[in-house]
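The structure appears right after this line, and notes come after that.
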Amino acid sequence: MSQENLETIRCLFQAVENRDVAGVLAAYAPEIVIRDAASLPYGGIHHGLEGAKHHVEIAAQTWDHLQPEAARKMNGVFLDAGEYVVVLWRLKGLESHSGRTLDLPVVSIYRMRDKKIIESQMFYSDTTTIVEFLTGRS
């Protein structure tokens, strides 16, 4: 089932890049728990599909104006780890009026059950730089 788990996560990443909320939610089990850095606007712990939807919507609001289509590509490297899938990817941003850019590595770990994500956690290399970029201080 590991190949099926990898395919679920690949579909999740494609949905995120395309800003396809329904596609993102389709990857999650009803009991999904998402853990994201509390210092980020969309951070914290999100429970269930309603929590996941809120997480996706706030993340999209945060990044849409800072991620033109080319900056949405996360360049994921997908690693099978049994009931887990680990993804190495890039968080990118571009502030068009100033030319400021962001390009940082991130690791996400997804726990799977029956080809659905039941737990998701992101590990950012530098949340301070992300917050500074989002608030225009970098």
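What you see is a predicted model; the values in this text were computed from it and never measured.
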Margin query: To the nearest 0.5 Å, what is the distance between NE2 on His65 and NE2 on His97?
Written below: 9.0 Å
Checklist line | Nearest heavy-atom neighbours spanning Ser2 and Gly82 | finding: OG-O, 3.9 Å
Check: Side chains of Met112 and Ile118: closer than 4.5 Å at any heavy-atom pair?
Finding: no
Check: Are Leu104 and Ile130 close enough that some pair of their side-chain heavy atoms sits under 4.5 Å apart?
Finding: yes
Notebook entry, point to check: Quick one: are Val56 and Lys53 in side-chain contact, heavy atoms under 4.5 Å?
Noted result: no
Note to self: Between Val106 and Phe123, is there a side-chain heavy-atom distance shorter than 4.5 Å?
What the structure shows: no
Next item on the list: Indicate if Met74 and Val107 have the same hydrophobic cluster label, given that clusters are the connected sets of ILVMFWY residues with side-chain heavy-atom separations under 4.5 angstrom.
Entry: no
Next item on the list: Indicate yes or no: at least one non-hydrogen side-chain atom of Val16 is less than 4.5 angstrom from one of Gln14.
Entry: no
Item checked: Short N-O contact, Glu83 and Arg113, less than 4.0 angstrom -> no
Note to self: Would you compute the distance between atom CG of Leu134 and atom CG of Leu102 and round it to the nearest 0.5 angstrom?
What the structure shows: 7.5 Å
Check: Under 3.5 Å, side chain of Asn18 to main-chain N/O of Asp20, donor-acceptor pair present?
Finding: no
Next item on the list: Check the angle between the aromatic planes of Trp63 and Phe133 and answer parallel, tilted or perpendicular using the 30° and 60° thresholds.
Entry: parallel
Check: Residues two or more places apart in sequence or in another chain: which of them pass side chain to side chain donor-acceptor pair (under 3.5 Å) with Ser98?
Finding: Glu95
Check: Between Pro41 and Ile58, which heavy-atom pair has the shortest distance, and what is it?
Finding: O-CG2, 3.6 Å
Margin query: For Trp89 versus Ser108, what's the shortest heavy-atom pair and its separation?
Written below: NE1-OG, 2.8 Å
Check: Does some side-chain heavy atom of Val87 sit less than 4.5 Å from a side-chain heavy atom of Ile9?
Finding: yes
Checklist line | Check: Asp114 side chain, Lys116 main-chain N or O, donor-acceptor pair, under 3.5 Å | finding: no
Margin query: Can you tell me how far apart CG (Leu79) and CG (Leu6) are? Round to the nearest 0.5 Å.
Written below: 8.5 Å
Item checked: From OG1 (Thr101) to CG (Leu66), nearest 0.5 Å -> 11.5 Å
Next item on the list: Indicate the atoms forming the closest heavy-atom contact of Ala81 with Val86, along with that distance.
Entry: CB-CG2, 4.5 Å
Notebook entry, point to check: Got a donor-acceptor contact below 3.5 angstrom from the Thr8 side chain to the Lys115 backbone?
Noted result: yes
Next item on the list: Quick one: pull up NE2 in His55 and CD1 in Ile45 and give me the separation to the nearest 0.5 Å.
Entry: 11.5 Å
Notebook entry, point to check: Do Asn5 and Tyr84 have side-chain atoms, one donor and one acceptor, less than 3.5 Å apart?
Noted result: no
Margin query: For a 4.5 angstrom cut-off between non-hydrogen side-chain atoms, does Ile34 reach Met122?
Written below: yes
Note to self: Please tell me whether Asp36 and His46 have a donor and an acceptor in their side chains that are separated by less than 3.5 angstrom.
What the structure shows: no
Item checked: Check: Tyr110 main-chain N/O paired with Gln121 side-chain donor or acceptor under 3.5 Å -> no
Note to self: Quick check: is Val85 connected to Leu88 through a chain of hydrophobic side chains (ILVMFWY, heavy atoms under 4.5 Å apart)?
What the structure shows: no
Check: Distance from Glu50 atom CD to Ile32 atom CD1, nearest 0.5 Å?
Finding: 14.0 Å
Item checked: Residue pair Ser120 / Val33, side-chain heavy-atom distance below 4.5 Å -> no
Notebook entry, point to check: Between Arg90 and Asp103, is there a side-chain N and carboxylate O pair less than 4.0 Å apart?
Noted result: yes
Notebook entry, point to check: Which residues satisfy the side chain to side chain donor-acceptor pair (under 3.5 Å) test with Arg19, sequence neighbours excluded?
Noted result: Asp64, Gln67
